[in-house]
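One is the number of the first residue; the rest follow in order along the sequence.
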Amino acid sequence: MNSTVWIVDSYEEALAKNLVIVSLGLVINFINGMLVVTFFSNPMFSRDSRYIFYIHLVINDMLMICISVTLYVLTYVSPLVNASLCCVLVVLGSTTFMITPLNLAGMAIERFIAICKPLHHAQICTPERTYIFICLLWVIGAIPSLADIIILLLIQPISFFSSLVLCYPFSSFPSKAHKDRTTASQVIYMSLVWINLIYTYCRVLFTARKAVSKGSANKARSTVLLHGVQLLLCMLSYIAPVLDLIVTPFFPVHRTKITFFNYLITNIMPRLLSALIYGVRDQRFLKQMKEYFTCKVIIVKIMPSKL
């Protein structure tokens, strides 16, 4: 959010916006929490690298929602925040944001191996190697944020970390070096992920055309294509500043409303759609979720009658 909206908005408008954002955050994390519970309710999922990648994506989105909503509310409740706390929140938010496309790339590679190298899939995509790969994703995703901290230590005095700042990325990391680093890392990471998705999709497509049994190959092709859709949802965050610049001049009086809806559409809603698109589409996962929560509802209804 723009760091000045808390001054412009009326109390009623600010309250309404925060209630909407917090409520949506709770609803999205509740739904994602159901997906996490479903994953751990059946040991079969924890032995399949495909589901491990998926639930990691869901958990990462939950963390991102928590941090994003916290930063949004802080913009109104306490705009000036301790610089150290702000840096921690911004670094965690940036890292979780970078993890999403990297995880999608990992999911695409797993599907590529399953279809194009089926005889080697069981040996390559073991749960242990999947967890190691996820740890590697976190290291790669954290590198840009760690670079921000190093730059900050070089250009700011130590006293900066005990001062109060506006908790907003470009306020916490205002130098040109930070902006250049952000642009470079986002371009490099997203370009590599898109190359990965396009390559894996093409290879799976060619394999599907040559396969005698086209069912699983076609399904894998659709899955990789779905990863591209998820990546597009993830990239909506990049167009938020552009939308602000384009739309706001036409409706300057409604600047804060435009920024609010922009944030809602490009940052909050994709986190819900990203998890649901993949989870609901997977029939095995959806069946387990229905059976597990239906069973829980029946138990809850029966218990009071016995008491």
Side-chain angles (χ1 to χ4, degrees), residues 1-6 56 59-106 133-196 231 234-245 259 262-263 266-268 270-271:
M1 282 296 295
N2 191 297
S3 58
T4 61
V5 297
W6 65 278
H56 174 251
I59 293 173
N60 181 72
D61 281 349
M62 292 176 71
L63 289 172
M64 191 191 306
I65 282 288
C66 289
I67 296 166
S68 180
V69 170
T70 299
L71 288 171
Y72 185 93
V73 173
L74 281 176
T75 305
Y76 287 88
V77 176
S78 180
L80 295 177
V81 180
N82 178 270
S84 299
L85 174 61
C86 181
C87 286
V88 171
L89 290 173
V90 171
V91 165
L92 286 174
S94 300
T95 302
T96 53
F97 177 79
M98 296 301 295
I99 290 296
T100 298
L102 294 175
N103 194 87
L104 291 173
F133 188 83
I134 288 173
C135 291
L136 180 62
L137 293 185
W138 277 91
V139 172
I140 296 172
I143 288 174
S145 297
L146 293 176
D148 278 339
I149 297 295
I150 292 172
I151 294 171
L152 197 63
L153 288 170
L154 292 174
I155 65 176
Q156 295 284 6
I158 297 299
S159 59
F160 169 80
F161 293 95
S162 59
S163 63
L164 297 176
V165 297
L166 291 168
C167 200
Y168 190 69
F170 290 120
S171 298
S172 304
F173 306 107
S175 70
K176 187 177 183 299
H178 286 105
K179 294 176 182 177
D180 292 341
R181 196 284 308 156
T182 300
T183 302
S185 62
Q186 289 178 349
V187 169
I188 292 170
Y189 278 43
M190 286 300 174
S191 297
L192 291 175
V193 172
W194 273 115
I195 291 170
N196 171 279
L231 187 59
C234 172
M235 291 182 68
L236 283 176
S237 300
Y238 292 127
I239 68 172
V242 179
L243 287 177
D244 278 341
L245 289 174
T259 307
N262 195 0
Y263 170 76
T266 61
N267 286 273
I268 298 297
R271 304 281 80 78

Quiz item: Hey, is the main chain of Ile65 close enough, under 3.5 Å, to the side chain of Ser68 for a donor-acceptor pair?
Solution: no

Exercise. Sequence neighbours left out, what passes side-chain hydrogen bond (donor to acceptor under 3.5 Å, both in side chains) with Ser185? Give chain and number order.
Key: Arg181

Only pairs under 3.5 Å count here: list side-chain donor-acceptor contacts from residues 87-98, not counting sequence neighbours, and write none if there are none.
unit_1	atom_1	unit_2	atom_2	d
Ser94	OG	Val90	O	2.9
Thr95	OG1	Val91	O	2.8
Thr95	OG1	Ser145	OG	3.3
Thr96	OG1	Leu92	O	3.0
Thr96	OG1	Gly93	O	2.9

Quiz item: Which one of Thr70, Val77, Leu71 satisfies the side-chain contact (heavy atoms from CB on, under 4.5 Å) criterion with Val73?
Solution: Val77

Restricting to side-chain contact (heavy atoms from CB on, under 4.5 Å), what partner residues turn up for [X], sequence neighbours left out?
{"X": "Leu164", "result": "Leu80"}
{"X": "Val187", "result": "Thr183, Ser191"}
{"X": "Ile143", "result": "Tyr189"}

Can you tell me how far the [atom1] atom of [X] sits from the [atom2] atom of [Y], to the nearest 0.5 Å?
{"X": "Asp61", "Y": "Ile99", "atom1": "CG", "atom2": "CD1", "result": "11.0 Å"}
{"X": "Asn103", "Y": "Ile134", "atom1": "CG", "atom2": "CD1", "result": "6.5 Å"}
{"X": "Asn60", "Y": "Leu102", "atom1": "CG", "atom2": "CG", "result": "9.5 Å"}

Quiz item: Side-chain contact, heavy-atom cut-off 4.5 Å: Asn267 with Tyr72?
Solution: no

Exercise. Provide the full list of side chain to side chain donor-acceptor pair (under 3.5 Å) pairs with a residue in residues 133-143, sequence neighbours left out, each pair given once.
Key: His56-Trp138

